[in-house]
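Just so you know, ligand 1 is whichever comes first in the structure, and atom 1 is the first atom listed for that ligand.
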Amino acid sequence: MIVLKSRAEIEKMGTASRMVAEILAGLRERVLPGTTLLELDVFAEKETLKRKAKPAFKGYSGFPFSLCCSVNEQVVHGMPSSRVLQQGDIVSLDFGVVYGGFYGDAAITVPVGKVSDAAARLVKVTEESLYRAIEVTDAAHRLSDVSHAVQAWVEPRGYSVVRDFVGHGIGKDLHEGPQIPNFGAPGKGPKLKVGMVLAIEPMINEKGYEVRVLEDGWTAVTCDKGLSAHFEHTVAITDNGPLILSLI
Ligand code: MG
């Protein structure tokens, strides 16, 4: 089921999503060679509580942290640890909060110091694919147009789209319908409508799309150890088209 949100509800979701964006901006500044993933998690949680919000992921299906940190070949759902970020790494930071009964969810992939041209290009193309998808997130399109926009942007550039994880509707629940794959033929699925709020999140691999989950039960990695990048925004469909809520 896809729950439509009123204008007032979208405003509340904007408040939650802006907090996510602010905290991600703070995290981005802290991504430096020598930073540990746990330091990032502590920062994210502290900043959330300071704003009288709650971290969305902590305790979700038993996930023990506030932040997902996925380094290099890790795709999503990486666990904060004492791992020290090294120059040349790329790290995906996926973060969400709940505030006033509504969730906001966003992700960025950040280069650690100077990274290879190959890593920088993957990050850039993945972020571009998110904006391509957002461009068609309006009441003139169907759900799979969003999916197709990601695939059509990244595959001609030599990358692959992760199949096993998808974007999602968001609102009073972190994960609502519909599921939003980042691949597929255009023109299919439900018509998009004003009042839908979608967390669109391309997960793009440098090499093959196959992923597996490590023994910790959470961390997804590429099977071929190629790099992976991930960007996400919470986007509301309005009368004026897509409105990105997770911007500062
Ligand atoms: Mg999400």
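Ion pairing of R30 with E39 is absent here, as no side-chain N (NZ or NE/NH1/NH2) approaches a carboxylate O to less than 4.0 Å.
Side chain of N205 to backbone of K207: no donor-acceptor contact under 3.5 angstrom is found. For S160 (side chain) and Y209 (main-chain N/O), a donor-acceptor pair under 3.5 Å exists by modelled atom type.
Through side-chain heavy atoms spaced under 4.5 Å, either directly or across other Ile, Leu, Val, Met, Phe, Trp or Tyr residues, V3 is tied to M1.
The aromatic ring centroids of F165 and H77 lie less than 6.0 Å from each other.
At a cut-off of 2.8 Å, measuring from the Mg ion (ligand 1), the protein N, O or S atoms that fall short of it are D105 OD2, H168 NE2, E201 OE2, E232 OE2, waters left aside.
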Quick one: do E201 and H230 satisfy side chain to side chain donor-acceptor pair (under 3.5 Å)? Show the steps, please.
CA-CA 7 Å; E201 48 180 323; H230 176 210; 2.9 Å; yes
